[in-house]
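I have a structure I would like to understand better, so I am pasting it below and will then ask my questions one at a time.
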Protein chains: 2
Amino acid sequence: MAARPTSKTYESSDKVGVICRALRRAIIEQALEPGAKLPEDSLGERFGVSRTIARHALGQLAAEGLVELRRNRIAVVATPSWQEARDAFDIRIQLERLVVRQLAGKLTKSQIAELNAHVDAEDRARGGTDAVSIRLATEFHILLAQMTNSPILVRYVSEVAYRCCLTLSLYSRPHSTECAINEHRAIIAALAKGDEAKVMELMHHHLDSVANRALVAPAPLRGRDLLDILAPYADEVASDRVVKLPKIARRS
Amino acid sequence: MAARPTSKTYESSDKVGVICRALRRAIIEQALEPGAKLPEDSLGERFGVSRTIARHALGQLAAEGLVELRRNRIAVVATPSWQEARDAFDIRIQLERLVVRQLAGKLTKSQIAELNAHVDAEDRARGGTDAVSIRLATEFHILLAQMTNSPILVRYVSEVAYRCCLTLSLYSRPHSTECAINEHRAIIAALAKGDEAKVMELMHHHLDSVANRALVAPAPLRGRDLLDILAPYADEVASDRVVKLPKIARRS
DNA sequence: AGCGCTTCAATTGCATGCAGTTTGGTGTCG
DNA sequence: CGACACCAAACTGCATGCAATTGAAGCGCT
């Protein structure tokens with residue numbers, strides 16, 4: 001007992017958490033597109049853990065709505081419908097209004113500096129890929145939520161923001177981030193000034209315009225395959241199972 | 001396997017889900033008080049499953065905020081702080097405003113009948129225990145959410161409503177349900193009439209007054225033990241571990 | 001009695017194994 | 001050529017076993 005010959009202990013050991021964070025990030029950066037398969041085996045192998053753990057992680061992500069779990073089937077990255085995407089944004093708007101309402105006029109100098117630093121990072125990332133821009137923009141909102149010191153609010157805002165990210169990869173066209181960045185700056189300014197009504201309005205407008213820019217049409221524009229498009233028409237036939245059509249190759 | 005007549009009904013056979021629902025209900029009916037221990041073994045035994053499944057269920061409930069999970073420790077029913085309780089209600093208000101905004105003037109006759117029937121049930125339950133009244137009141141709100149046909153909204157409203165239930169058992173004094181019932185009726189009426197602004201206002205006021213009635217004082221009044229009361233004072237000492245005091249018998 | 005130390009049962013963390021289900025491919029027959 | 005039956009591989013659902021950690025009782029010391 002004198003030494004720890006087994007260097008097992010060196011880990012932060014929250015293996016489930018590690019996997020969740022990794023997958024979450026992969027999803028919001030669109031490395032994993034909606035519909036991508038997530039077999040427990042592969043996940044376990046990739047992260048050096050057993051299926052049990054991978055499975056548990058998938059359960060968590062399913063609870064967050066990022067992953068879809070169907071009995072006896074391979075888990076897949078969630079594919080929210082257009083309506084769900086719209087709903088997610090509506091919820092998000094309300095939650096983030098709450099965030100900025102709590103924050104208006106209550107931020108410390110260092111917090112404001114932190115926010116500005118983050119937006120600077122967003123600015124620098126403008127040359128990079130869309131994926132990174134989107135992630136940074138999302139993290140800005142999560143950062144705001146964290147400053148409320150309300151764990152519940154942080155959790156819900158994070159969740160719904162991730163979910164919105166997911167929908168961006170489904171329905172959004174390649175998107176211009178500039179205005180978003182400016183709007184972030186405006187929000188910081190209004191927060192610093194303490195104008196509660198103004199900042200709530202700004203946030204509302206900001207998210208609404210992001211949603212409108214993203215969710216342009218109720219039909220999937222970008223690359224989702226036939227099965228998804230046909231899904232609503234299958235409602236009459238069966239609840240869970242799409243009607244069998246001859247030879248539609250699911251993109252594998 | 002003797003006692004169980006293998007009621008393998010197609011009712012989802014989802015053992016994890018069964019356990020989650022059972023525990024959720026036990027928690028909101030205050031059969032399980034905040035702080036109650038939930039060892040994986042006992043759970044598994046009680047529900048006739050292995051620890052693996054019980055563990056998974058606990059993970060889900062933890063994701064919903066109903067259960068607290070600390071590494072290598074027995075899971076316990078969550079004990080939200082007063083501030084968290086207040087935050088939960090604030091979030092809930094926003095979410096449910098969204099619900100009634102979507103619903104105003106769009107309910108079918110049968111839906112209205114269903115709501116009225118539910119409130120009638122609440123009425124009949126007035127003689128019974130507080131636990132049942134609280135559960136029914138909560139289910140009324142969830143029922144409303146379900147009528148939006150927005151799965152996301154349903155999930156968030158359910159979660160946060162359960163969480164609020166949890167706080168009631170912590171901070172509320174024995175509570176009078178009559179006004180709540182009347183307010184439910186008023187909400188139904190306004191929904192039927194389609195007065196969006198009015199119903200949002202009603203819901204806001206309803207939840208706010210429930211919160212105010214429940215969260216009377218920032219200090220736990222009812223029966224939480226010393227350790228919880230002292231918790232905030234221990235912040236200085238250690239992040240995770242309460243300072244050791246002589247012989248406080250934790251209610252086992 | 002009060003305080004530290006040792007020890008041990010209770011409990012969690014995780015991997016593995018087996019059984020049942022789904023999936024995709026192949027062969028057979030109309 | 002296409003539809004159907006069938007089979008093997010892949011995968012999930014779940015229980016069980018083992019190592020590691022915790023918490024509390026027991027014990028001696030002051």
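Proteins come first, then strands; the chains are lettered A, B, ... in the order of their sequence lines, and each starts at number 1. Because the structure is predicted, anything quoted here is derived from the model rather than measured. Excluded from the calculations below are hydrogen atoms, water molecules and symmetry mates; all remaining heavy atoms, backbone and side chain alike, are included.
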Under a 4.5 Å cut-off applied to non-hydrogen side-chain atoms, are A:Leu207 and A:His141 in contact?
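Result yes, sub-4.5 Å side-chain heavy-atom pair found.
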Side chains of A:Asp90 and A:Gln94: do they bring a donor and an acceptor to under 3.5 Å?
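No pair is found: no donor N or O on one side chain lies under 3.5 Å from an acceptor on the other.
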D:dC14, OP1 or OP2 - any side-chain N/O from A:Arg71 closer than 4.0 Å?
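Answer is yes, contact under 4.0 Å.
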Just the rounded figure in Å: distance from C1' of D:dG13 to CG of A:Leu69.
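That distance rounds to 12 Å.
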Can you figure out which of C:dG24, D:dT12, C:dT12 approaches the side chain of A:Lys37 most closely?
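The nucleotide sitting nearest to the side chain is C:dG24.
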Those residues that, when tested against A:Arg46, pass salt bridge (charged side-chain N to carboxylate O under 4.0 Å, His left out) (two or more places apart)
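A:Arg46: no salt bridge (charged side-chain N to carboxylate O under 4.0 Å, His left out) contacts found.
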Kindly compute the distance separating CZ (B:Phe47) from CG (B:Leu23), expressed to the nearest 0.5 Å.
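Spacing of CZ (B:Phe47) from CG (B:Leu23) equals 5.0 Å.
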Quick one: A:Arg55 CZ to D:dC11 C1', roughly how many Å, whole number?
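Interatomic distance, CZ of A:Arg55 to C1' of D:dC11: 10 Å.
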A:Phe47 CZ - C:dC14 C1' separation (whole Å):
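Rounded to whole Å, this separation is 17 Å.
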Tell me: CG of B:Asp41 to P of C:dA10, nearest whole Å?
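It is 10 Å, rounded to the nearest whole Å.
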Please check the phosphate of C:dT11 (OP1 and OP2 only) for any side-chain N or O of B:Arg73 closer than 4.0 Å.
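False: B:Arg73 side-chain N/O out of range (4.0 Å or more) of C:dT11 OP1/OP2.
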In whole angstroms, how far is the C1' atom of C:dC14 from the NE2 atom of A:His56?
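Between C1' of C:dC14 and NE2 of A:His56: 12 Å.
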Within the side chain of B:Gln60, is there an N or O that forms a donor-acceptor pair under 3.5 Å with the backbone of A:Gly59?
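Present.
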Taking CD1 from B:Ile74 and P from D:dT22, how many angstroms apart are they, rounded to a whole number?
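It is 13 Å, rounded to the nearest whole Å.
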What pairs of nitrogen or oxygen atoms, one from the protein and one from nucleotides 15-17 of chain C, lie under 3.5 Å apart?
| from | atom 1 | to | atom 2 | distance (Å) |
| --- | --- | --- | --- | --- |
| C:dA15 | OP1 | A:Ser50 | N | 3.3 |
| C:dA15 | OP2 | A:Ser50 | N | 2.9 |
| C:dA15 | OP2 | A:Ser50 | OG | 2.7 |
| C:dA15 | N7 | A:Thr52 | OG1 | 3.2 |
| C:dT16 | O4 | A:Thr52 | OG1 | 3.0 |
| C:dG17 | O6 | A:Arg51 | NH2 | 3.3 |

Round to the nearest Å and state the distance from A:Asp14 atom CG to C:dG13 atom P.
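About 10 Å, once rounded to whole Å.
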Show the numbers, then the answer: is there a salt bridge (charged side-chain N to carboxylate O under 4.0 Å, His left out) between A:Glu159 and A:Arg155?
CA-CA 6 Å; A:Glu159 256 185 45; A:Arg155 248 214 23 198; 3.7 Å; yes
On the 0 to 90° scale, with breaks at 30° and 60°, tag the B:His56-A:His56 ring pair as parallel, tilted or perpendicular.
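Ring orientation of B:His56 relative to A:His56: perpendicular.
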Tell me the interatomic distance from A:Asn72, atom CG, to D:dT12, atom C1', rounded to whole angstroms.
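Distance, rounded to whole Å: 6 Å.
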